[in-house]
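Structure record follows, encoded as structure tokens.
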Amino acid sequence: MLHERLEGVYDNILRRNPGEAEFHQAAREVLESIGPALGKHPEYAEQKIIERIFEPERQIIFRVPWEDDRGEAHINRGFRVEFNSALGPYKGGLRFHPSVYLGIVKFLAVEQIFKNSLTGLPIGAGKGGADFDPKGRSDREIMRFCQSFMTELYRHLGEHTDVPAGDIGVGQREVGYLFGQYKRITNRYESGVITGKGLSYGGVQVRTEATGYGCAFFVEEMLKAKGTSFDGRRVVVSGSGNVAVHAIEKVREMGGVVVACSDSSGYVVDEKGIDLDLLKQVKQVERRRLSDYAERRGADAAYVAGRSVWEVPCEVALPSATQNEITGKDAEALVRAGCVAVGEGANMPTTPEGIRVFQEAGVAFGPGKAANAGGVATSALEMQQNASRDSWTFEFSERRLQEIMSDIHARCLETADAYGMPGDYVAGANIDGFRRVADAMLALGLI
Ligand SMILES: NC(=O)C1=CN([C@@H]2O[C@H](COP(=O)(O)OP(=O)(O)OC[C@H]3O[C@@H](n4cnc5c(N)ncnc54)[C@H](O)[C@@H]3O)[C@@H](O)[C@H]2O)C=CC1
Ligand SMILES: O=C(O)CCC(=O)C(=O)O
């Protein structure tokens, strides 16, 4: 339900951003939470903070021409939405996936405003990407695409301006090619201009693992608050990319048993627990389909094509693939199967109906802007490391990540409590994230 003062704001968002369903969904979720904060702080409405916060500061759309290995020319569309810079330079990843269009980039960028604010670190919010499909492309094709993408985007970036990183389809290999082209065009070794870099050229330890590890740390805190833990729990993680693999790794360390994971074609069930070494070999080294994992694992694992992994019963669910993957019906099935906690490794993987089902059933529900904030928080650590021209150990960075996740968890609960919604992590994350950025916007004047 929307606070009556916010109905008009939402109508305006619909009118000004037609056809951008994912952006509308992300904006509405925040608007549904922040009503109580507006009641206590009339200055936000007086200074039109809500209207301003949902209008991006800048949106860049550009052509990305590139040549495949046979010499054929291709044209893709590139995007960067620089949404809010009240807390620091625009910060957020790049997604390369055929489904990318302005509405996806804007939903991801608006989520980033509140997520980055929640980390407590000095980072603003942006997101970008292209409707490029990296699947089946050779390494040289990926390199040429990244070089062409950066040849246009570089003019908008800078360590004090806008600092991208990875997301779906963009990992350390792509970040390397993007950074290489930035360095070449600008003739500057500006390490802090992009994060998720390799360790040999300015990357920070733990950035690769950070989103998945951070999600596991956050869920561990939610379970602790319920007087329980991961120990012996049956866990399902969707996806098998960067976030999923590292969530699986940390959950196993914490004593959980991950029995299923997925890719865009189906899922694998492995009742004895996913074999992480084999999963990494298949997905990260060989870049092959998950069905190959099941074939090599033999009788222990089964591959189920074309179905949702959320039909696999579990006590803890970590959706770590893509947006709107858990529907209301999936959530009902998970609740019936005894699910006690959900931590969103992905951005907005649960539909509004799914969230409602989980919350009404008393499932601890950690929204992505809190549960997956460990990735961008560690990117901010990478920027700190680059600025100090230092190099930190794995243990140091992982300890920082764990502290940050524990702090985000505590603030979500405290804020939800303070605004009369105890245990509501969605309200806690949205209000806490909103308040910090809104206060900074007030202080900076009407800009
Ligand atoms: N990489 C990072 O540091 C962060 C990523 N995220 C979010 O986590 C999610 C996963 O991202 P990464 O692991 O980095 O990407 P990735 O490219 O490494 O992996 C994506 C995974 O999702 C699966 N997938 C993609 N589209 C799908 C679809 N339509 N249906 C089913 N499965 C699909 C892919 O098969 C793959 O297993 C995304 O929502 C991303 O926005 C959130 C915070 C930080
Ligand atoms: O590390 C970053 O800047 C990007 C993280 C990101 O894109 C996200 O949090 O969704």
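One-based numbering, in listed order, for ligands and for the atoms of each. Heavy atoms only: backbone and side chains are in, while hydrogens, waters and symmetry mates are out.
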Ligand 1 contact on V243 by region, counting heavy-atom pairs under 4.0 Å: both
Is E111 touching ligand 2 with its side chain, its backbone, both, or neither, if touching means heavy atoms under 4.0 Å apart? neither
A165 heavy atoms, cut-off 4.0 Å: which ligand 2 atoms fall inside? 1 (O), 2 (C), 3 (O), 4 (C)
Under 4.0 Å from any heavy atom of G345, which atoms of ligand 1 are there? 6 (N), 7 (C), 8 (O), 42 (C)
shortest atom 18 (O) of ligand 1-to-protein heavy-atom contact is with N242 N, 2.9 Å
Do any nitrogen or oxygen atoms of K127 come within less than 3.5 Å of a nitrogen or oxygen of ligand 1? no
Which heavy atom of C261 sits nearest to which heavy atom of L290, and what is that distance? O-CD2, 3.6 Å
Honestly, for R207 the part within reach of ligand 1 (heavy atoms, under 4.0 Å) is side chain
Which heavy atom of the protein is the closest neighbour of atom 27 (C) of ligand 1, given with residue, atom name and distance? T322 CG2, 3.7 Å
Quick test of your reading of the model: are E55 and R16 salt-bridged, counting only N-O distances below 4.0 Å? yes
Numbering the atoms of ligand 2 from 1, which are under 4.0 Å from a heavy atom of G166? 7 (O)
Got a salt bridge between E271 and R234, using NZ or NE/NH1/NH2 to carboxylate O under 4.0 Å? yes
Any idea which protein heavy atom is nearest atom 3 (O) of ligand 1, and the distance to it? T211 OG1, 2.7 Å
Partner of N347 under side-chain hydrogen bond (donor to acceptor under 3.5 Å, both in side chains), picked from R95, E111, K115, is K115
From the candidates A346, A321, G169, G368, the one that places a heavy atom nearest atom 10 (C) of ligand 1: A321
Checking Y154 against Q181: is there a side-chain donor and acceptor pair closer than 3.5 Å? no
Look up atom CD in Q402 and atom CE in M405, then write down how far apart they are to the nearest 0.5 Å. 10.5 Å
Nearest-neighbour protein heavy atom for atom 3 (O) of ligand 2, which is reported as residue plus atom name and distance: K91 NZ, 2.6 Å
Taking atom 9 (O) of ligand 2 as the point of reference, which of K127, R95, K115, E382 owns the nearest heavy atom? K115
Can you report which non-hydrogen protein atom sits closest to atom 41 (O) of ligand 1, along with the distance? D167 OD1, 2.6 Å
Show the nearest heavy-atom pair for residues S240 and V245, with the distance to one decimal. O-CG2, 3.7 Å
Any heavy atom of N347 under 4.0 Å from ligand 2? The part involved is side chain
Check this for me, if you would: do E57 and R52 make a salt bridge, where the nitrogen-to-carboxylate-oxygen distance has to be below 4.0 angstrom? no
What part of S320 sits under 4.0 Å from ligand 1 if we count only heavy atoms: the side chain, the backbone, both or neither? backbone
Do the charged groups of E67 and R140 touch, with an N to O distance under 4.0 Å? no
Just to confirm my output: which protein heavy-atom neighbour is closest to atom 1 (O) of ligand 2, and how far is it? S379 OG, 2.5 Å
Examine ligand 1 and decide if any of its atoms is less than 4.0 Å from a heavy atom belonging to G171. no
Against heavy atoms of R95, which atoms of ligand 1 measure under 4.0 Å? 38 (C), 39 (O), 40 (C), 41 (O)
Regarding ligand 1, does S240 bring an N or O atom to under 3.5 Å of one of the ligand's N or O atoms? yes
Under-4.0 Å salt bridge between E332 and K329: no
Could you check which of A210, S264, A373 puts a non-hydrogen atom nearest to atom 35 (O) of ligand 1? S264
Do the charged groups of D300 and K272 touch, with an N to O distance under 4.0 Å? yes
Any side-chain heavy-atom pair of H246 and T211 under 4.5 Å: no
Among I168, V170, V309, which one has a heavy atom closest to atom 11 (O) of ligand 1? I168
Taking atom 4 (C) of ligand 2 as the reference point, the nearest protein heavy atom with its distance: G93 N, 3.3 Å
One thing to verify: whether E249 and R252 come together as a salt bridge, which I'm taking to mean a side-chain N less than 4.0 angstrom from a carboxylate O. no
Which bit of Q323 gets closer than 4.0 Å to ligand 1, counting heavy atoms only: side chain, backbone, both or neither? neither
Are E382 and K197 close enough for a salt bridge, meaning some N to O gap below 4.0 Å? yes
Flag G241 as yes when one of its N or O atoms lies below 3.5 Å from any N or O atom of ligand 1, and as no otherwise. yes
For ligand 2, is there an atom lying under 4.0 Å from some heavy atom of A380? no
Looking at atom 42 (C) of ligand 1, what's its closest protein heavy atom, distance included? N347 ND2, 3.4 Å
Ion pair check, R307 and E311, cut-off under 4.0 Å: yes
I need the atoms of ligand 1 closer than 4.0 Å to a non-hydrogen atom of G239, numbered in the order shown. 37 (O)
Do the charged groups of R435 and D439 touch, with an N to O distance under 4.0 Å? yes
